[in-house]
Amino acid sequence: MVLKRKDFLGLYDVSAEEITEILNTAVAMKEIFTRSVKKIPTLRGKTIVNLFFEPSTRTKSSFDLAAKRLSADVMSISKSSSSVVKGETLLDTAKTMEVMGADVVVIRHSASGAAEFLARNIQASVLNAGDGAHSHPTQGLLDMYTIREKLGRIEGLKVLIVGDIAHSRVAHSNIRGLTTMGAEVRVTGPATLLPKEVEKMGVKAYTNLDEALVGVDVVNILRIQLERQASGLFPSINEYRHFYGVNEKRLAQLADDILIMHPGPMNRGIEIESSVADGANSVITEQVTNGVAIRMALLYLLAGRSLKHEDLN
Ligand code: CP
């Protein structure tokens with residue numbers, strides 16, 4: 001086993017060998033989805049706690065399903081239904097779960113660094129399910145899994161990420177993972193939504209979407225966070241749609257086999273036209289399915305560190 005970490009917090013310090021091991025483990029996990037009984041006993045007796053302090057549809061439900069498919073015991077806690085609303089701290093909440101026997105704590109939080117803070121302060125493994133604008137490593141992994149599954153490789157591909165690069169944890173994890181795996185990464189969006197010195201991240205930056213699209217293999221379209229308009233970072237939704245919306249007209253200029261991706265949730269009709277989101281090049285629903293396989297793989301690799309590979313059967 002190459003991945004020997006207690007925690008999985010981001011893709012910024014993860015090697016190509018570790019990423020490959022996670023993707024390959026997810027292939028074995030996805031095979032289980034084709035069985036009539038989509039469950040294996042691998043993590044029987046292990047306890048996974050999902051601490052979701054920010055809303056989530058895909059990530060929360062897929063971690064929940066991933067744990068159940070591995071036969072772990074799983075508890076899910078949301079901010080609104082926990083004693084956090086009475087003033088309990090994040091650390092006290094996590095320690096409470098730990099003394100009940102949690103082996104892995106999955107955390108989503110609005111504060112960048114929340115996952116790393118927990119990892120330093122509890123014995124259980126911590127898995128980052130998205131922290132502020134910092135990292136969303138399982139999204140980066142499921143995106144890479146989908147690209148590799150569809151195109152057979154990651155190395156050498158041209159991948160364009162469109163939208164609010166500065167405030168997107170999805171963009172940051174994709175950039176880290178894809179560059180580690182040898183892809184050429186481009187980013188585009190309004191200049192106000194590109195980080196300063198973005199090219200130091202190893203990407204090519206464009207403010208013109210049509211120029212950025214030339215020759216790409218994959219387009220990953222980010223959700224535009226509508227509150228950014230209120231804070232003056234772009235002038236209007238209509239203008240964003242005009243300059244950065246991926247629509248039929250733009251798609252018609254691209255290669256027939258281009259992959260259209262979106263992490264969700266989508267603002268249909270703004271960053272992506274519905275006909276593109278639901279069209280033949282879209283792999284958006286496959287990204288969601290692959291998210292379950294990736295999260296099974298990571299839970300297995302973290303909680304099952306003492307288990308043998310045969311336990312997958
Ligand atoms: N992509 C993603 O993180 O979606 P959710 O917020 O629904 O989990």
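Heads up: numbering here begins at 1 and tracks the sequence. Note that ligands are numbered from 1 as they come in the structure, with each ligand's atoms numbered from 1 the same way. Below, all heavy atoms of this structure are taken into account, side chains as well, without hydrogens, waters or symmetry copies.
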* Structure fact -> Only one of Leu127, Asn50, Ile122 passes side chain to side chain contact (heavy atoms under 4.5 Å, CB included) with Val105, and that residue is Ile122
* Least distance between heavy atoms, Thr96 atom then Glu88 atom -> OG1-OE2, 4.2 Å
* Asked: Does the distance from a Lys or Arg side-chain N to an Asp or Glu carboxylate O, for Glu273 and Arg268, drop under 4.0 Å?
  -> no
* Under 3.5 Å side-chain donor-acceptor pair for Glu116 and His134 -> no
* Asked: Checking Arg295 against Phe63: charged group under 6.0 Å from the ring centre and within 45 degrees of the axis?
  -> yes
* Is there a donor-acceptor contact under 3.5 Å linking the side chains of Asn290 and Thr146? -> yes
* Asked: Around ligand 1, what residues show up once you keep those with a heavy atom under 4.0 Å from it?
  -> Ser56, Thr57, Arg58, Thr59, Arg108, His136, Gln139, Pro263, Gly264
